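I'd like to ask some things about the structure below.
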Amino acid sequence: MEKSYIYADSDGLVYYAGFLIRARIKSGVDSNFVFQHTLTSSHENFIRVTSQRSGQPGVNAKEYSTFEISLPSYEEQRKIGSFFKQLDDTITLHQRKLDLLKEQKKGFLQKMFV
């Protein structure tokens, strides 16, 4: 299964393994918009179809470079990318809260049934 990751300066120095494809986003294109596009069914279908070629399954950088994205204006890209990033951040925050509540429940159950 293909996964996408968006690098942030706060991540510091990172190293790329040979099986990863590193994409540099052109100026005038919002990186959050592109990242969110990698989570769509259109992107998923491209990866699935392209990786079905003979030989080793997967997509190489040359094949990946043929994937096309329809780009609205930069301002619209920025708004869309920002909206979905905020939504992802909210989901992450709630997931952490849920994980903490599950741990708390586990602790209560342990104390109840000793």
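Numbers here are sequence positions counted from 1. No hydrogens, no waters, no symmetry mates; every other heavy atom, side chains included, goes into these values. No experiment lies behind these values; they were computed from the predicted model shown.
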> Yes or no on side-chain contact (heavy atoms from CB on, under 4.5 Å) for Ser42 and His37, after CA distance, side-chain angles and deciding distance?
Replying inline: CA-CA 8 Å; Ser42 166; His37 198 283; 4.3 Å; yes

> In terms of hydrophobic clusters joined by side-chain contacts under 4.5 Å, are Tyr74 and Ile69 together?
Replying inline: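 No; tracing contacts between hydrophobic side chains, which count when under 4.5 Å, never links both residues.
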
Under 3.5 Å, which donor-acceptor pairs do the side chains of residues 96-114 form with other protein atoms, sequence neighbours left out?
residue, atom, partner, partner atom, Å
Asp99, OD1, Gln95, NE2, 3.0

> Is Val59 reachable from Leu39 through a run of I, L, V, M, F, W or Y residues, each pair having side-chain heavy atoms under 4.5 Å apart?
Replying inline: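 In one cluster with Leu39: Val59, no.
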
>> Can you tell me if Glu75 has over 12 outside heavy atoms packed within less than 6.0 Å of its CD?
In response: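 More than 12 heavy atoms, drawn from other residues, nucleotides or ligands, come within 6.0 Å of this atom.
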
> Looking only at heavy atoms, what is the nearest atom pair of Ala61 and Ile21, with distance?
Replying inline: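 Looks like N-CD1, 3.8 Å.
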
> So, Thr38 side chain and Phe35 main chain: donor-acceptor pair closer than 3.5 Å or not?
Replying inline: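 Present.
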
Solution key, residues 82-93 side-chain donor-acceptor pairs under 3.5 Å, sequence neighbours excluded:
residue, atom, partner, partner atom, Å
Lys85, NZ, Asp89, OD2, 3.1
Asp88, OD2, Gln36, NE2, 3.0
Thr90, OG1, Gln86, O, 2.9
Thr92, OG1, Asp88, O, 3.0

> Hey, is Glu76 close enough to Lys79 for a salt bridge, meaning N to O under 4.0 Å?
Replying inline: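 Here Glu76 does not pair with Lys79 in a salt bridge, since their nearest N and O are not under 4.0 Å apart.
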
> Can you tell me how far CD of Glu63 sits from OG of Ser51, rounded to the nearest 0.5 angstrom?
Replying inline: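 One gets 9.0 Å once the value is rounded to the nearest 0.5 Å.
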
>> For Phe46, give me all partners under ring pair (Phe, Tyr, Trp, His ring centres under 6.0 Å), at least two apart in sequence or on another chain.
In response: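 For Phe46 the ring pair (Phe, Tyr, Trp, His ring centres under 6.0 Å) partners, ignoring immediate neighbours, are Phe67.
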
>> How close do Asp30 and Gln77 get, counting heavy atoms only, and between which atoms?
In response: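 Result for this residue pair: N-OE1, 2.9 Å.
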
> Linking I/L/V/M/F/W/Y whenever any side-chain heavy atoms sit under 4.5 Å apart, do Ile80 and Ile6 land together?
Replying inline: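 No; tracing contacts between hydrophobic side chains, which count when under 4.5 Å, never links both residues.
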
> For the atom pair NE2 (His43) and OH (Tyr64), what is the distance rounded to the nearest 0.5 Å?
Replying inline: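 Between atom NE2 of His43 and atom OH of Tyr64 there are 3.0 Å.
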
> Would a distance-only check, ignoring hydrogens and angles, find a side-chain to backbone donor-acceptor pair under 3.5 Å from Asp11 to Tyr7?
Replying inline: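 No; zero donor-acceptor contacts below 3.5 Å.
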
